[in-house]
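Below you'll find the structure, written out as structure tokens, and then a few comments.
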Amino acid sequence: MEEPEMQLKGKKVTDKFTESVYVLANEPSVALYRLQEHVRRSLPELAQHKADMQRWEEQSQGAVYTVEYACSAVKNLVDSSVYFHSVEGLLKQAINIRDHMNAASQGHR
């Protein structure tokens, strides 16, 4: 009676050992499958986010260029205020000369 009982216990042990080896052998495959499944699901969304970020970066660079250009133009205007003052003085002189000429021509009539 001992031998069939030992065979039954031996079969149970070998079955459990075989099941454990099978699970251990397939566990990396299951993990890799889950990883691949996750990547396939999330990759399109990540690619879209990347494209959006690149587009926003390009727009930001364009805006920065525009602001830098505007700042440069304002600085040039400030730097040219000397010339505007000179032109203003010349215009005032021209107006005075015109007024004198008009007054002189009306006085000769």
Side-chain angles (χ1 to χ4, degrees):
M1 197 128 197
E2 258 186 55
E3 193 174 310
E5 191 176 316
M6 280 299 263
Q7 284 180 352
L8 182 62
K9 286 183 180 181
K11 182 168 177 19
K12 283 184 180 179
V13 167
T14 56
D15 286 348
K16 289 290 184 183
F17 180 75
T18 303
E19 182 182 338
S20 296
V21 169
Y22 179 78
V23 167
L24 287 174
N26 286 317
E27 184 62 29
S29 297
V30 171
L32 290 174
Y33 174 77
R34 296 291 183 211
L35 184 62
Q36 177 188 20
E37 191 177 58
H38 172 71
V39 168
R40 283 188 186 200
R41 257 187 289 126
S42 62
L43 189 63
E45 185 178 344
L46 289 173
Q48 183 62 44
H49 283 301
K50 180 183 176 186
D52 291 343
M53 292 299 288
Q54 285 175 334
R55 190 173 56 254
W56 292 335
E57 179 186 14
E58 289 172 5
Q59 290 174 351
S60 297
Q61 286 176 348
V64 166
Y65 174 78
T66 302
V67 168
E68 286 175 348
Y69 184 75
C71 287
S72 173
V74 168
K75 184 183 179 304
N76 287 337
L77 282 174
V78 169
D79 290 344
S80 59
S81 66
V82 173
Y83 302 109
F84 286 125
H85 289 301
S86 175
V87 169
E88 181 184 21
L90 291 172
L91 285 172
K92 285 180 181 179
Q93 284 179 349
I95 291 170
N96 285 336
I97 292 172
R98 183 200 63 186
D99 289 344
H100 287 309
M101 290 175 70
N102 284 343
S105 72
Q106 285 185 5
H108 288 291
R109 287 186 188 182

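All figures in this text were calculated on a predicted structure; none of them were measured in a lab.
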Between D15 and K12 (salt bridge meaning N to carboxylate O under 4.0 Å), is one present in this structure? no

If the test is side chain to side chain contact (heavy atoms under 4.5 Å, CB included), which one of M53, Q48, Q54 qualifies with K50? Q54

Distance check, rounded to the nearest 0.5 Å: Q61 atom CD versus Q59 atom CD? 11.0 Å

To the nearest 0.5 Å, what is the distance between NE2 (H38) and CG (L43)? 10.0 Å

So do Q36 and R40 actually touch side chain to side chain, heavy atoms under 4.5 Å? yes

How far does CG of L90 sit from CD1 of I97, to the nearest 0.5 angstrom? 9.5 Å

Between CG of L91 and CZ of R98, what distance do you get to the nearest 0.5 Å? 11.0 Å

Roughly how far, to the nearest 0.5 Å, is OG1 of T14 from CD of Q7? 11.0 Å

From E88 atom CD to S81 atom OG, the distance as rounded to the nearest 0.5 Å: 11.0 Å

Charged N to carboxylate O under 4.0 angstrom, R34 versus E37? yes

Any donor-acceptor N/O pair, S72 side chain to E68 backbone, under 3.5 Å: no

